[in-house]
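Naming: A, B, ... by sequence-line order, numbering from 1 per chain. Side chains are part of it too, since the values below use all heavy atoms of this structure and drop only hydrogens, waters and symmetry mates.
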Protein chains: 2
Amino acid sequence: MLDPVSRVRRFNRAVTSAVGALDTSFLGRGRPLGAARVLNAIGHGRADVGDIRDYLGLDSGLMSRLLRTLEDEGLIETTVHGGDARRRIARLTAAGRREFNAYEALSNQQARDFLARNAQRDALLAAMDMIASALGRESTALTEMDPRSDEARYCLGEYYAELARRFKQGFDVKLSRDPDAKDMVRPRGSFIVAMSDGLPVGCVGLKGSGSELAEIKRLWVAPSARGLGLGRRLIDAAESAARELGIAVLRLDTNSALAEAGQLYRKSGWTEIPRFNDDPYPDLFFEKRL
Amino acid sequence: MLDPVSRVRRFNRAVTSAVGALDTSFLGRGRPLGAARVLNAIGHGRADVGDIRDYLGLDSGLMSRLLRTLEDEGLIETTVHGGDARRRIARLTAAGRREFNAYEALSNQQARDFLARNAQRDALLAAMDMIASALGRESTALTEMDPRSDEARYCLGEYYAELARRFKQGFDVKLSRDPDAKDMVRPRGSFIVAMSDGLPVGCVGLKGSGSELAEIKRLWVAPSARGLGLGRRLIDAAESAARELGIAVLRLDTNSALAEAGQLYRKSGWTEIPRFNDDPYPDLFFEKRL
DNA sequence: GCATATATCTGACTTTAGTCAGATATTGTC
DNA sequence: GACAATATCTGACTAAAGTCAGATATATGC
């Protein structure tokens, strides 16, 4: 009753019936699930017909008929793709938007009901984030973004909050050497966010100086996404960006309270060097030649 | 990107595709899902045809045909129910057992792969337990069991481990007044375990003395199942059992370090009374007249 | 410009799932 | 023992999903 495999399978059973319940409530709108899935995929921004087909794993004949059903109902319109006249683009009509919103409302209501039924809301949400990240790991995408974007600012906020929790003396970003956003966008540097199905789950900044020397800053992985090798992927991505920008030497500072970070740098080929700045927070300094 | 509803829905999406992947791998055995589900239900010990039908939510006509398909394949046998000749009992043949084992192997392999892919195994399992308990709450069943059963001993082991963590001075069951198992089985007392889809997630003991006075002992709820009202259900069940046994006065001892327990007792109509034993661990004593 | 590849559509299927109205046998109740 | 209730089965359906072999139009590489 305790073995890990049984526990995973118990989870699978619980979740299968919950998923089935949502499908059933979708059927309440009087449309077969296949058509509802296509409508929802379009509503969520998938426009390219081939892309939708791949995403839903449908045969091209079936896809074509489902599209036509929705078109006949007046819920979607299709046009040819601008650059490639073989491809088609689908988008919702006003009626389709209303119908899509009704499906969204069902999904949202189901989610709200689940949250309302349970007292341990925050713990449950954290558990769900963790599982979603673990299941969606191969689909976690690293994207270069502006450090002033919402996604980046969310990551940085979480990162500062975590430092404040983990440093004995707390953390105040104003006392630290906060990099100028311009140093972390091309051509000087870069800022990379890891997105897992819409949720930012990690980030790293490459702070350039216009010279062949740059710094890695703000490496953060969401607690729900730890243990998945994401830290390593972020460092690798930052190093690749640095190579592209012609940077020869990378440096970074960190704190020995962040033990997993120090280990990660050592395993990734970084070497410890003496202090190279007077920031009050770091006590550990690394360098890597590319 | 942060609101709880989006997080629940991200979880739903991740899990839906994982569930779909298992269904697909089941289809790889060349049998439609409906028949595979019936075979698996029988393999997992469901024998009564009506019970299987309810469990899988099938129409009786469909059920009958699926059963016959499996029978024609030589995977199951059906016999009439001993006590009621209208009902039928299904069980696996040797070939059916082999086929069932193949499905089990697929499920187990999927679970093992998931665990092997992820470094944070224990945290993930804890998260899965929590979600499975939250989803399966209405199906958590309270069952009277022998306190020496595997399920009960698992609960007690977890309970002692938790006391050891939470008491400043630790916890050694040998120093405490460990109730004799016989005092917690009928007719003197009772022991109740909460089972959620095969996993024990809570327990409570009713320790009788042969008189109209009894004690509540060993109330425990698994961390993964807290916030679901299970503690209250366990107390209610213990009180009902006490009433059945003709007990008029219930007592219990607890420790102020277990704040949520104290709150629960107060909310459930218990009143604080002076110390009534010399056990070194408790510092808080309650009584309830039934 | 021509052969080949790609994206979508159409027609003609099959399989699976699900529904519903009886038929049959058995059980429990008065 | 008659009669209603219950459990399962059968026949006759419909709807949904999925398959597959072309047809058509367009794009790409040589």
(Q) Between A:Arg68 and A:Asp72, does any side-chain N to carboxylate O distance fall below 4.0 Å? (A) no

* Hey, is B:Glu104 close enough to A:Arg9 for a salt bridge, meaning N to O under 4.0 Å? -> yes

Taking for B:Ser60 and for B:Leu66 the nucleotide of DNA chain C with the nearest heavy atom, the one nearer the 5' end belongs to B:Leu66

So the contacted stretch of DNA chain D, first to last nucleotide with an atom under 4.0 Å from a non-hydrogen atom of chain B, runs from D:dA5 to D:dA12

Of A:Arg68 and A:Asp84, the one whose closest nucleotide on DNA chain C sits nearer the 5' end is A:Asp84

| Residue pair B:Met195 / B:Glu151, side-chain heavy-atom distance below 4.5 Å | yes

Taken to the nearest whole Å, CG/B:Leu33 to P/C:dT15 is 17 Å

Separation of C:dA12 atom C1' from A:Asp59 atom CG, nearest Å, is 13 Å

Separation of C:dA17 atom C1' from B:Arg53 atom CZ, nearest Å, is 17 Å

Can you confirm whether the side chains of B:Arg31 and B:Thr69 place a donor and an acceptor under 3.5 Å from each other? no

* Any side-chain heavy-atom pair of B:Leu124 and B:Phe114 under 4.5 Å -> yes

If each end axis of the helix from C:dG1-D:dC30 to C:dC30-D:dG1 is fitted on five C1' pair positions, the angle between them, to 10 degrees, is 20°

To the nearest angstrom, the CD1-C1' distance between A:Ile52 and C:dA7 comes to 13 Å

(message) Regarding B:Arg65, tell me which of base, sugar-phosphate or nothing describes its non-hydrogen contacts under 4.0 Å with the strands shown.
(response) base

Any side-chain donor near an acceptor of the partner, B:Ser25 and B:Gln110, under 3.5 Å | no

Basic-acidic side-chain contact under 4.0 Å: B:Arg65, B:Glu71 = no

Discussion item. Do the side chains of B:Asp113 and B:Arg117 get close enough for a salt bridge, i.e. N-O under 4.0 angstrom?
Written reply: no

I want to check something: taking the side chain as every heavy atom from C-beta on, are B:Val38 and B:Leu58 in contact at a cut-off of under 4.5 Å? yes

Sorted by position of nearest nucleotide on DNA chain D, 5' first, the leading residue of A:Arg86 and B:Gly61 is B:Gly61

